[in-house]
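Data block below; observations after.
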2 protein chains.
Amino acid sequence: MAADTRDRIVFSAMTLFATKGFASTSIADILAAANVNSGSLYHFFPGKQDVLVAVLEAYRDGIHPQLLDPAWKGVRDPIERVFALLRHYRRHLRTTECTYGCPIGSIALELHEPDPAVRQLLSANFKGWIDAIEQCLLDAGDRLPADLDRRALATLALSTMEGGVMLSRTDRTLTGFDDAVRMFRDYVSRLEESVTPPRRARRARVARA
Amino acid sequence: MAADTRDRIVFSAMTLFATKGFASTSIADILAAANVNSGSLYHFFPGKQDVLVAVLEAYRDGIHPQLLDPAWKGVRDPIERVFALLRHYRRHLRTTECTYGCPIGSIALELHEPDPAVRQLLSANFKGWIDAIEQCLLDAGDRLPADLDRRALATLALSTMEGGVMLSRTDRTLTGFDDAVRMFRDYVSRLEESVTPPRRARRARVARA
DNA sequence: CTGCGAGTTGATTGAACATTCAACTCACTG
DNA sequence: CAGTGAGTTGAATGTTCAATCAACTCGCAG
């Protein structure tokens with residue numbers, strides 16, 4: 001029962017924080033969702049903040065099984081994996097009517113003076129994401145220019161996603177997300193083409209009006 | 001005194017919401033900052049939410065005098081204006097130790113179930129930003145490919161900024177923002193070069209490792 | 001079978017907070 | 001100068017919420 005209770009708390013908090021945000025989620029909400037009494041929660045966690053820490057640790061440690069493996073199912077091409085991941089977020093937006101986007105991003109902007117532990121974990125989560133995409137871009141080898149800063153490109157991928165999610169959640173339309181991703185894809189295509197001189201078009205051009 | 005009091009409330013709330021977020025700013029905070037009593041605030045605003053509405057209206061109506069005019073001071077070139085605006089946000093990050101980024105973005109991600117008036121105003125604020133950048137890109141005329149979707153590129157500019165701000169605020173470092181913007185700039189350079197066949201390099205290349 | 005303690009229960013506490021309100025000020029009008 | 005009402009005052013109200021705590025359960029070690 002012990003580990004089970006703790007897990008239920010973390011899982012419920014994960015869902016609630018993603019849905020309602022951290023501040024707007026009350027301990028009572030978590031208790032109800034996890035079917036737990038307040039004393040049990042405070043047996044495992046000194047306070048609400050520490051629940052958040054556990055949630056962020058779970059995201060950080062679960063990036064492969066929870067995020068990347070599903071997003072990359074059946075996709076082997078390293079560059080396609082970048083866009084498969086973006087498609088994964090698009091699916092989330094679509095199935096939640098543009099309500100639920102990136103839980104880490106929401107929390108990152110919601111907390112204005114986060115305590116160090118929380119900030120570091122947010123940082124670690126972003127780092128994990130960027131690391132994974134950077135690895136894809138490194139795996140793409142000479143399909144991309146040799147002198148390309150692949151970590152910076154991975155950072156732009158994250159920005160594209162987070163910015164697109166922000167826009168789409170606000171407009172309740174996918175167009176903001178789609179526009180941003182389409183242009184990012186055009187950029188990557190151009191990078192690819194710049195290394196393979198354009199014999200014919202290597203891939204259907206996507207980003208034009 | 002009447003309009004003055006209202007303005008002081010809106011101005012104080014604007015600062016506080018940007019600094020501490022909406023939920024974490026109490027009415028008492030606003031009252032203290034504006035030097036006003038609660039009754040006065042509730043004389044002008046039915047509730048806290050309506051203060052937020054007034055703040056978002058102020059941002060929307062102030063985009064030119066408050067944001068674009070300062071950012072574009074001395075910059076006439078339409079494409080350079082895009083990057084001048086991004087530099088403006090960078091300056092904000094730098095002067096606040098990567099604490100204060102884009103107030104609209106913070107609020108947009110903080111509120112998970114915003115009431116319609118608030119959501120529409122957030123949308124209008126993003127739209128104003130994208131409109132302004134789209135106009136720059138239209139003003140760039142044939143320096144960019146004729147078939148380029150300039151609104152989509154403006155959307156990517158916004159995403160780059162918002163995503164970069166999110167990263168930099170989290171890491172308390174400018175590198176995330178800088179990396180994202182540097183790659184975006186490389187993309188725009190390549191778009192320019194694709195229309196002017198590369199006689200020599202038109203502008204010093206920037207984005208390589 | 002005893003005793004320990006990890007885990008659980010849920011009522012209680014106290015603080016923070018948005019909002020209300022009745023009384024007050026005072027510039028302006030008729 | 002009496003009357004009106006927009007604007008102001010700040011104490012009071014009621015609610016929400018994180019956190020506490022003393023009492024309880026129960027598996028297990030000795």
Side-chain angles (χ1 to χ4, degrees), chain A residues 1-58 106-107 110-118 121, chain B residues 1-58 106-107 110-118 121:
Chain A
M1 206 60 176
D4 186 49
T5 302
R6 209 195 109 103
D7 287 352
R8 251 164 37 236
I9 292 170
V10 173
F11 178 77
S12 302
M14 212 179 307
T15 308
L16 285 164
F17 291 166
T19 310
K20 319 181 41 171
F22 176 68
S24 311
T25 298
S26 69
I27 294 277
D29 290 335
I30 300 174
L31 299 177
N35 221 312
V36 155
N37 289 94
S38 65
S40 291
L41 188 147
Y42 285 97
H43 174 73
F44 291 104
F45 302 99
K48 192 186 177 187
Q49 183 113 230
D50 305 88
V51 178
L52 176 59
V53 166
V55 164
L56 291 174
E57 283 169 347
S106 305
I107 294 169
E110 177 179 351
L111 303 175
H112 287 246
E113 286 147 350
D115 81 7
V118 170
L121 276 164
Chain B
M1 205 61 177
D4 186 51
T5 302
R6 210 196 108 105
D7 286 352
R8 254 170 28 241
I9 292 169
V10 172
F11 178 78
S12 302
M14 212 179 309
T15 308
L16 285 163
F17 291 166
T19 311
K20 317 181 40 171
F22 175 69
S24 312
T25 298
S26 70
I27 295 278
D29 290 335
I30 300 174
L31 299 177
N35 220 313
V36 153
N37 289 94
S38 65
S40 292
L41 188 147
Y42 284 97
H43 174 73
F44 290 105
F45 302 99
K48 192 185 178 188
Q49 182 114 230
D50 304 88
V51 178
L52 176 59
V53 166
V55 165
L56 291 174
E57 283 169 347
S106 305
I107 295 170
E110 177 180 350
L111 303 175
H112 287 246
E113 284 148 351
D115 81 7
V118 170
L121 277 164

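Within every chain, numbering begins at 1; the chains are lettered A, B, ... in the order of the sequence lines, protein sequences first and strands thereafter.
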If I take atom CG in residue B:Asp4 and atom C1' in nucleotide C:dC26, what distance separates them, rounded to the nearest angstrom? 17 Å

How many Å lie between CZ on B:Arg8 and C1' on D:dG7, as a whole number? 12 Å

Main chain of B:Gly39, side chain of B:Asn37: is a donor-acceptor contact present, judged purely on distance under 3.5 Å? no

Nearest atoms (heavy-atom pairs only) where B:Lys20 meets B:Asp29: NZ-OD2, 3.0 Å

Under 4.0 angstrom between B:Tyr42 side-chain N/O and C:dT19 OP1 or OP2: yes

Choose from C:dT8, C:dG10, C:dA18 the nucleotide whose nearest atom is closest to any side-chain atom of A:Ser40. C:dT8

Is any side-chain heavy atom of B:Ile30 closer than 4.5 Å to one of B:Phe17? yes

Does B:Thr5 contact D:dT8 through a side-chain donor or acceptor facing the base, at a distance under 3.5 Å? no

OP1, OP2 of D:dT8 versus side-chain N and O of B:Asn37: anything below 4.0 Å? no

B:Asn35 has an atom CG; how far is it from atom P of D:dG7, in whole Å? 18 Å

How would you label the contact of A:Ser24 with the nucleic acid (heavy atoms, under 4.0 Å): base, sugar-phosphate, or nothing? nothing

From CD1 of B:Ile30 across to C1' of C:dT19 the rounded distance in Å is 13 Å

Taking A:Gly21's backbone N and O only, do any of them form a donor-acceptor pair with A:Glu110's side chain (distance below 3.5 Å, no angle check)? no

Of A:Ser38 and A:His43, the one whose closest nucleotide on DNA chain C sits nearer the 5' end is A:His43

A:Phe45 atom CZ is separated from D:dT20 atom P, nearest whole Å, by 15 Å

Whole-Å distance, A:Ile27 CD1 to C:dA16 C1', equals 15 Å

Nearest-neighbour nucleotide for the A:Lys48 side chain, C:dA18, C:dT8, D:dA18 considered: D:dA18

Do you know which two heavy atoms are closest between B:Arg8 and B:Ala34, and how far apart they sit? NE-O, 2.9 Å

Residue mapping more 5' on DNA chain D - nearest nucleotide basis, A:Gly39 or A:Asp29: A:Asp29

Look at all strands and tell whether A:Ser26 reaches a base, only sugar-phosphate, or nothing, counting heavy atoms closer than 4.0 Å. sugar-phosphate

Starting from P on D:dC17, measure out to CZ on A:Phe22 and report it in whole angstrom. 13 Å

